[in-house]
Amino acid sequence: MLRYFLKRLVSLGLSLVVASGVIFLALEVVPGDPAAYMLGINAQEDTLAALREELGLNGSVWARYAGWVGGLLTGDFGVSYTYRTPVAEMIGERLWISLPLALYALTLSTAIAFPAGIWAASKRGSAVDVSVMGVTQLGVAIPNFWFAMLMVLVFAINLRWFSAGGFPGWDTGFFVAMKSLTLPAVALALPQASILARVMRSSLLDTLSEDFIRTARAKGLSQRQALWRHALRNALIPVLTIIGLQFSFLLAGAIIIENVFFLPGLGRLVFQSISARDLIVVESVVMLLVFAVIVVNFAVDMAYAVVDPRLRGRR
Amino acid sequence: MSLLVIDRLSLEIHGAPILKGVSLSVSAGQVVGVIGESGSGKSMTAFAAMQLLPYGSVCSGRIDLGGREVLALSEANLCKMRGRDVGMVFQEPMTALNPIKTIGEQVAETILIHEDVTRAEAMERAAEALRRAELPQDRFPLSRYPHELSGGQRQRVVIAMAIALRPKLLIADEPTTALDVTTQAQILKLLRRLVDEEGMGLLLISHDLAVVADMADEIVIMRKGEVVESGPADWLLRNMQHPYSKALLAASTHQPDRSAEEQHDVLLDVREVVRDYTIHRKGWWGGMETFRAVKGVSFQLRKGESLGLVGESGCGKSTLTRAILGLEEIQGGEIRAFGVPVGRDFPNALRSGIQVVFQDPYSSFNPRWKVARLVAEPFHLMSQRPDDWRDRVAKVLQDVGLEPEAMDRYIHEFSGGQRQRIAIARALILRPEIVILDEAVSALDVSIRAQILDLLAKLQGEYGLSYLFISHDLSVVRSITDRVMVMKSGEIVEQGETAAVFDAPQHEYTKQLIAAAPVLPADVTGGERHDRPEPVV
Amino acid sequence: MRARNLWIGGLLSAVFVVAALVSLIWVPYDVTALDIANKIKGPSGAHWLGTDHFGRDILSMIMVGARTSIAVALVAVGIGMGIGVPLGLAAAARKGSLLDELIMRGNDLVFAFPSLLIAIMITAVFGASALNAIIAIGIFNIPVFARLTRSGALSLWTRDYVMAARVSGKGAARISVEHILPNVLNLLTVQGTIQFSLGILAEAGLSYVGLGAQPPIPSWGRMLADSQTMISFAPHMALFPGLAILLTVLGLNLMGDGLRDLLDPKLRRARA
């Protein structure tokens, strides 16, 4: 188990190093001179020089990369060129919207998908199964931002149950804040829940056709007992993979959905920074999101080992 | 007093008839063997007794288990019956256990499901059941997971689960088919002991007449969903009436006619061959660990002879085969074919002199190619495909007993036996001198197996082929080889004339193997008649 | 029931493919001409799906938008397959080698970058365009196909017919092309349909946030973005482009399911 853990940890570290390298390459090396890029073509030579100095662009590529990574590790993400404020502060503020939103959506999605998938699989071919499959087929096909717009039309504009957008801030109280995140979270969760429910169902059906289920039935377990005691945990392995993958979709989706609801999260920040050509901010946000995805995948690997004894103490 | 009476049982799955009026019965302390080839419905009969049938199954007739009518029981009552009154053992021990639960939990579950006992008590009784299945606690603690056990050990866990509540009846569906002979012998002995000591009835399903003859008090022979003949084992084996039963018996003891003219030219010379595998790294950054699969093997194959190589799974025989075919690097020794070392520089012209037939007729062919292209594939070894290639394919198909029209069909249109003929055609298309038969008849039903063995013997005579016949099945090796080698853990422990090795084995392991292999009683093929005894009711 | 999936799905997808093709030669109204007099009109005889805030015909825009969506998604699937499949075949042919390890770790790395992040990085440097969307979605598709091909190929490499081909002196590359590729084609077809539909969704999302096709090229995501502020008084502007996306994706998914059932022998056996 320890060896598995350490091995994954090393691979996590390597992924982070390579990913940071790719991001650095794309956003600081490919554009040529980032200072010239940020200031545009009409920039004066002395302003350029000043910005280069400010951004520490005068060293070699390696030195700059080392400086950037060193900064990331100590929480110094650099200073935004447009806002002249530390990037870490800007991100910190907005992370408190994007991250809860993604987690809220992930919770909703699993809370919907697990029962739906299990229910459909246990009543294979029944009306329940057919309707779950039908609804999820729609859920998979619906663009989440359009679904969000429709919900705004129905629940905010017509029924006035929710506000159409904006975020009142966490200091207005947990429930008020969560309420304003509810429509966005539902919009994010629905397509993911549909995918997850389908994966859950098919994985359970696959597991239910395994030999060891027949063995369990021969011991006297009912179909239901065999499902809960033997099939479910085995079926979780592919489901965990999908949950891991979904987290990255949720983070990316959150960026889009924030646009629909005018939520001041990471998504708004990154689009503002793109228009303002503020590469430092874009770079930091992308790195942060990639970091989150990689860490979640590490967590999924750990969860495999908990579920599957064959992975412990091996490889 | 009969434990299980199956009376005129018929079964349809989605309207397709699977069983037609099957009748049999099992009494306490009795072993009833059900034998048949694939598609005979023998396994479905077992599953019907448990009522563990696929969706869309409809049963009619009567199944009486200990005085209760199984077909009339509700699902809830069936659950109470399964595991408590009847236990079941399956064919594939590798997949029959839940990979993520300990063996203790899985055995204890049988008890917990049926009786109101504490977990601790159930675990204690699980340990007891495992001990009865000969898995003592000091070596196989309850906390083991299935992947930490071998196939035979897993099968013992399945048996422990089945007998934990001391059911009156045990159903075993091909319980040893997936196991090596020595393990098979141990598992059969265990089952026999359980029947004798605990007075259980055992319904033993098998495709292997020798296994059933060894074990059963009563034999039921099935074919295409029907019982063709049944009766007390000793009597039935010597007094078969039905032509199918006779044919089955004949096929099981079949001896192909061989007219091999052995010559002295050595075609294949294997000297001190060593094959090492690198397995996982030891420690964190540490070095490699190597596993020696083949440990200095030497032998010669002469022109026109049939050389057998027997051994159990994992003994290194497949690795050795691949090395001879030049598909694996060797770390020591030398393999010479036709006087030239086999290896990277082995010329294609000589390579075409060694061809191979594999075990599984279903995975031996690319499903998207037609037979003509499949059979012609070895022409790749020639600088260019000859212009008359289609005629040659037609000729070789005829040689193996197929119509030339087979050329333009896809492989899925052929049965297992026909596919094996096509595999032989592919091996023969280049007129090789050496053909390696890697478990080439192991996946076939006995009657088909007998036909293929005859074909191989005929082809050997016609073309002067040399066979290297690799198999785990001693009776087949005995029937078709001149000399035999016994391989264990990467070494050849004994080799010699086939008859000599089988009749007077020298090495301890060979003795074990031969003792473990189930054989039909010597007198059953000869036809002295006995009176049928009155059935005891 | 299964064949029905294939039919309904095929029909739905065909409608949009035909609409896209027809738009190449004819649309009801010119989508670049503004007609402020007729702005924000609901569906009518003249404009079946109404007009937008510049008076453009929504039906015409959906037809041209279909062209953008389908082109982007199709090229992206092409990139994913074109690069991913050879990588997967190579990795499987040299299983456990350094090459395999490199390809698989590279895949893991790309998986950590959702297509949106790739698009963000490209846009930050080069500016927004439909090409960005194609590249971003295409890159994201590479590991999907590489992994699928590799896992499918690995199971085929253990088949005896591959061994027979090796005995016939064939090399890894030849075996990959002659024996492996044709037998993973079914898997790839099904996955291709799914990635195509995901590509359409992704393109819509990227255009919606302004990282995809730029005006004046009509695109479904862009139309939805434009309609957002007017949703309370002109819901038709949001309804129809959204429905177009939903129905296309639904059609492709149904077709994928239908194809899977038709082509996957494992499932076919399970139903028999």
Side-chain angles (χ1 to χ4, degrees), chain B residues 13-14 16 54-56 277-280 318 321-322 324-328 346-352 354-369 373-383 385 411-412 419-420 422-423 426-427 429-430 432 435-436 438-440 443, chain C residues 1-2 85 89 92-101 104-105 149 151-190 259 261-272:
Chain B
I13 300 179
H14 293 295
Y55 287 103
Y277 283 109
T278 310
I279 42 179
H280 62 83
S318 307
T321 314
R322 285 197 299 271
I324 293 168
L325 290 168
L327 302 180
E328 298 233 3
F346 194 57
N348 277 351
L350 293 181
R351 203 177 282 265
S352 61
I354 311 177
Q355 292 295 312
V356 60
V357 178
F358 297 104
Q359 170 174 6
D360 183 359
Y362 291 88
S363 87
S364 285
F365 304 99
N366 185 341
R368 292 177 175 263
W369 285 12
R373 192 174 174 199
L374 289 168
V375 172
E377 188 169 32
F379 282 132
H380 185 75
L381 286 168
M382 302 169 74
S383 51
R385 193 161 66 177
I411 198 70
H412 65 83
R419 287 180 198 211
Q420 216 56 338
I422 296 170
R426 174 170 61 189
I429 186 91
L430 292 179
V435 177
I436 299 181
D438 186 0
E439 301 274 6
Chain C
M1 154 84 196
R2 298 293 164 179
V85 173
L89 286 176
R94 294 270 176 269
K95 190 200 169 199
S97 68
L98 190 66
L99 177 76
D100 181 25
E101 193 67 15
M104 291 320 286
R105 292 290 80 80
T149 309
S151 69
L154 278 183
S155 71
L156 294 176
W157 269 98
T158 64
R159 300 286 165 96
D160 286 342
Y161 62 77
V162 170
M163 193 73 94
R166 291 179 65 195
V167 173
S168 300
K170 292 184 175 171
R174 191 176 199 104
I175 291 175
S176 291
V177 172
E178 287 187 359
H179 289 290
I180 308 288
L181 187 60
N183 286 296
V184 292
L185 222 49
N186 283 349
L187 279 178
L188 294 177
T189 314
V190 172
L259 277 177
D261 293 344
L262 192 73
L263 299 177
D264 189 342
K266 189 177 143 213
L267 285 170
R268 221 181 322 170
R269 223 183 310 125
R271 272 185 298 129

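Chain letters run A, B, ... following the sequence lines, proteins first, then strands; residues in each count from 1.
Around the CZ atom of C:Arg94, the shell of radius 6.0 Å holds no more than 12 heavy atoms that belong to other residues, nucleotides or ligands.
Nearest heavy-atom pair, B:Ile354 versus C:Val167, reported as atom, atom and distance to 0.1 Å: O-CG1, 4.1 Å. B:Pro367 approaches C:Tyr161 most closely through the heavy-atom pair CD-CE2, 3.8 Å.
Separating the OG atom in C:Ser168 from the CD atom in B:Gln355 is a distance of 6.0 Å, to the nearest 0.5 Å. Taking CZ of B:Arg368 as the start and CG of C:Leu181 as the end, the distance is 9.5 Å to the nearest 0.5 Å. C:Ile175 CD1 to B:Asn366 CG: the interatomic distance, rounded to the nearest 0.5 Å, is 11.0 Å. Rounded to the nearest 0.5 angstrom, B:Asp438 CG and C:Met163 CE are separated by 8.0 Å.
For chain C, no part of B:Leu430 is nearby; none of its heavy atoms comes within less than 4.5 Å. Heavy atoms of B:Leu325 lying under 4.5 Å from chain C belong exclusively to its side chain.
The side chain to side chain contact (heavy atoms under 4.5 Å, CB included) check on B:Arg419 picks up B:Pro361, B:Tyr362, B:Phe365, B:Ile411, B:His412, B:Phe414, with sequence neighbours excluded.
Side chain of C:Arg166 to main chain of B:Leu327: a donor-acceptor pair is present (N/O by atom type, distance under 3.5 Å, no hydrogens or angles).
At least one side-chain heavy atom of C:His179 sits less than 4.5 Å from a side-chain heavy atom of B:Glu377.
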